[in-house]
Amino acid sequence: MGWWGKMNIGVDLGGTNIRVAVIDDNGIIIEELGCSTEVWNGPLRAIEKIIAMIQKLQEKHTVQAVGIGAPGPLDAKNGIIIEPPNLPGWQNIELTKTIESAIQMPVYLENDANAAALTEALIGAGKEADSVFYITVSTGVGGGYVYGGKLISGAQGNCGEIGNMIVDPHAIGAPNLNKGALEALASGTAIGRRAESVFGSGHGAKEVFLLAQKGNQEAADIIDEALSYLAIGIANIVHTLNPEVIVLGGGVMKSKDLMLDPLKEKVLPLLYPSLRPHLKVELASLDQKAGVVGAAMVPGQYL
């Protein structure tokens, strides 16, 4: 028997695509459907698509609940999408109530980074650890904390929102973020912004990594700067929560040689000497599956 006993449906709601899948209690995808989010058509059209895909899967599989992983900010307790930057027009959408009334089944909502954190903690890179902090470094920076197999959400559901953590109060800010926030300085967007200032318009994070791999020093310096800020963020997490392992996911973290080993070297001097031998940082093992599988694991936190 797996983590929650029966099959659930997971919904990975993103700004570009929607994935809906039946997941068994060992985290295996049994069947998956997908479509474009088409944000320009508004939230109601996207919700209609989600409902249709869930109903199609319900016809073929016996499931007990639906979990949705979505970008924040959101109100997980009340199932409300508040106003995510990459879902324009989604202001105060009562997502779980709307879907529950259509499918006649319990629906649970969670931040997408928290859903991925749950997956990596239970069946991924952190499965041997009792406490896992998951960090995703992609377009933005997000996080989630799992302790004893349970997601720690915080009083308002914002535990793990490390993207707004201040790592340099004298640095630049970004829309909806503090001045010098981690996301403004270490995300793929931040790397892309630095690339444009150095190499000109049309260059982004992907080009920076390609240039760095070819030995370009300016590109290497951009990555080094982002890693320095990320190291500060990780050190703050270690000193605050002292997790057994930190798991790093997201597109920016895919290059182990360029990112993981140099990052560890930057984190170590920032820690108490007694903590340094215990630092454990791993790359996420489930990659693109983490979001939809983690969403299906969310109901197990309640049922």
Side-chain angles (χ1 to χ4, degrees), residues 4 7-23 29 32-59 61 63-119 136 138-140 142-144 151-161 163 176 289-303:
W4 57 84
M7 291 195 297
N8 289 336
I9 289 176
V11 179
D12 185 6
L13 170 58
T16 304
N17 296 302
I18 301 169
R19 301 174 68 191
V20 180
V22 175
I23 314 294
I29 297 175
E32 179 177 350
L33 303 173
C35 67
S36 170
T37 310
E38 297 181 346
V39 291
W40 54 88
N41 284 327
L44 294 182
R45 176 59 182 144
I47 293 169
E48 288 174 357
K49 289 183 176 184
I50 291 170
I51 290 170
M53 287 188 285
I54 291 172
Q55 289 175 333
K56 187 172 182 179
L57 292 173
Q58 280 180 305
E59 292 173 0
H61 306 278
V63 296
Q64 67 170 353
V66 174
I68 303 174
L74 52 77
D75 179 350
K77 183 177 180 181
N78 294 302
I80 299 172
I81 302 280
I82 297 175
E83 192 173 7
N86 58 344
L87 290 175
W90 291 63
Q91 283 90 27
N92 299 314
I93 302 296
E94 293 189 341
L95 187 62
T96 59
K97 281 185 180 179
T98 303
I99 295 176
E100 278 179 343
S101 65
I103 67 170
Q104 299 299 305
M105 184 176 293
V107 180
Y108 300 87
L109 178 66
E110 188 53 80
N111 179 283
D112 50 8
N114 283 348
L118 201 55
T119 318
T136 177
S138 187
T139 304
L151 187 63
I152 308 300
S153 296
Q156 281 76 47
N158 286 293
C159 178
E161 288 287 347
N176 303 316
K289 295 195 303 180
V292 72
V293 174
M297 289 180 166
V298 169
Q301 299 286 298
Y302 300 93
L303 297 174

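Along the sequence shown, the residues carry numbers beginning at 1. Since we're looking at a predicted model, the values are computed, not measured.
In this structure, CG in L57 is found 9.0 Å from CD in E59, a value given to the nearest 0.5 Å. Interatomic distance, I9 CD1 to K56 NZ, rounded to the nearest 0.5 Å: 12.5 Å. We find the CD1-CD distance between I51 and E100 to be 11.0 Å, quoted to the nearest 0.5 Å. One finds the CD1 atom of I99 at 5.0 Å from the CD1 atom of I50 (value rounded to the nearest 0.5 Å). Within the model, atoms CD1 of I80 and CG of L109 stand 9.5 Å from one another, a figure rounded to the nearest 0.5 Å.
T37 places a side-chain N or O within 3.5 Å of a backbone atom of N17 that can act as its donor or acceptor partner. Using a distance-only test at 3.5 Å, with no hydrogens or angles considered, a donor-acceptor pair links the side chain of D75 to the main chain of N78. Using modelled atom types, one side-chain atom of K49 and one backbone atom of S36 make a donor-acceptor pair closer than 3.5 Å.
Residues I18 and V11 have side chains in contact (heavy-atom distance under 4.5 Å, counting atoms from C-beta outward). In this structure the side chain of V298 never reaches within 4.5 angstrom of the side chain of N8, judged on heavy atoms. With a 4.5 Å cut-off on side-chain heavy atoms, I54 and M105 do not count as touching. Using a 4.5 Å heavy-atom threshold, the side chains of C35 and M53 count as touching. Contact annotation: the side chain of E110 never approaches that of Q301 to less than 4.5 Å [non-hydrogen atoms, C-beta and beyond]. A heavy-atom distance below 4.5 Å is not found between the side chains of I81 and N92. Taking 4.5 Å as the limit, every side-chain heavy atom of L74 sits out of range of all side-chain heavy atoms of W90. Contact check for L87 versus P71: side-chain heavy atoms found under the 4.5 Å cut-off.
Here R45 pairs with E48 in a salt bridge; the nearest charged N to carboxylate O distance falls below 4.0 Å.
Residues forming a salt bridge (Lys or Arg N to Asp or Glu O under 4.0 Å) with E94 (at least two apart in sequence, or on another chain): none.
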